[in-house]
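As the structure is a computational prediction, the values presented were derived from the model and not from experiment.
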Amino acid sequence: QVQLVESGGGLVQHGGSLRLSCAASGNIFGLNTMGWYRQAPGKQRELVARITIGGTTNYADSVKGRFTISRGTARNTVYLEMNNLKPDDTGVYYCNIAAIPMDYWGQGTQVTVSS
């Protein structure tokens, strides 16, 4: 059984930084990408950043230049370094693994940025 465990969320002031971590356990076949999504209150879940098994990254326009996604040396780990955080970054952040034949999701970690 695959499980994704996220950590690193919390409360931070405008302009602050946080680092999110995600570690996946279990056997994952056909892994394509690892990524982070977020969902703000009253809004749909949106892609924040993702990285392919080849190391190609892409980011939401709103976080480019402020967030960095990277894969860890441990198998199936991914990080999201978030700098210069803004109140609009507030939401629940979810780790995602896109694989064949299915995707996997973490339980989410809350990030709150105060103004």
So, using side-chain contact (heavy atoms from CB on, under 4.5 Å) as the criterion, who are the partners of Q107 when residues are at least two apart?
E6
Does S70 have any side-chain contact (heavy atoms from CB on, under 4.5 Å) partners at least two apart in sequence or in another chain, and if so, which?
Y79
Can you pull out every salt bridge (Lys or Arg N to Asp or Glu O under 4.0 Å) where at least one residue sits in residues 16-25? Sequence neighbours excluded, please.
R19-E81
According to side-chain hydrogen bond (donor to acceptor under 3.5 Å, both in side chains), who are the partners of T57, at least two apart in sequence or on a separate chain?
none
Going by atom type alone, with no hydrogens or angles, which donor-acceptor pairs under 3.5 Å involve a side-chain atom of residues 59-66 and a protein atom two or more places apart or on another chain?
unit_1: Y59; atom_1: OH; unit_2: I69; atom_2: N; d: 2.9
unit_1: D61; atom_1: OD1; unit_2: K64; atom_2: NZ; d: 3.0
unit_1: S62; atom_1: OG; unit_2: R38; atom_2: NH2; d: 3.3
unit_1: R66; atom_1: NH1; unit_2: N84; atom_2: O; d: 2.9
unit_1: R66; atom_1: NH1; unit_2: D89; atom_2: OD2; d: 2.8
unit_1: R66; atom_1: NH2; unit_2: S62; atom_2: O; d: 2.8
unit_1: R66; atom_1: NH2; unit_2: D89; atom_2: OD1; d: 3.1
unit_1: R66; atom_1: NH2; unit_2: D89; atom_2: OD2; d: 3.4

The remaining residues in the hydrophobic cluster of Y94, counting side-chain heavy-atom contacts under 4.5 Å among Ile, Leu, Val, Met, Phe, Trp and Tyr, are Y37, L47, V92, W105
Under the side-chain hydrogen bond (donor to acceptor under 3.5 Å, both in side chains) rule, collect the residues that match up with S114, sequence neighbours excluded.
none
Residues forming a side-chain contact (heavy atoms from CB on, under 4.5 Å) with D88, sequence neighbours excluded:
none
Would you list the atom pairs, donor with acceptor, under 3.5 Å between side chains in residues 22-36 and any protein atom, with sequence neighbours excluded?
none

Sorted by chain and number, sequence neighbours left out, salt bridge (Lys or Arg N to Asp or Glu O under 4.0 Å) with R71 holds for none
side-chain hydrogen bond (donor to acceptor under 3.5 Å, both in side chains) filter on D103, not counting sequence neighbours, yields none
Quick one: list whatever passes side-chain contact (heavy atoms from CB on, under 4.5 Å) with V12, sequence neighbours left out.
L18, L85, V113
Let me know which of V78, L80, V48 forms a side-chain contact (heavy atoms from CB on, under 4.5 Å) with L20.
L80
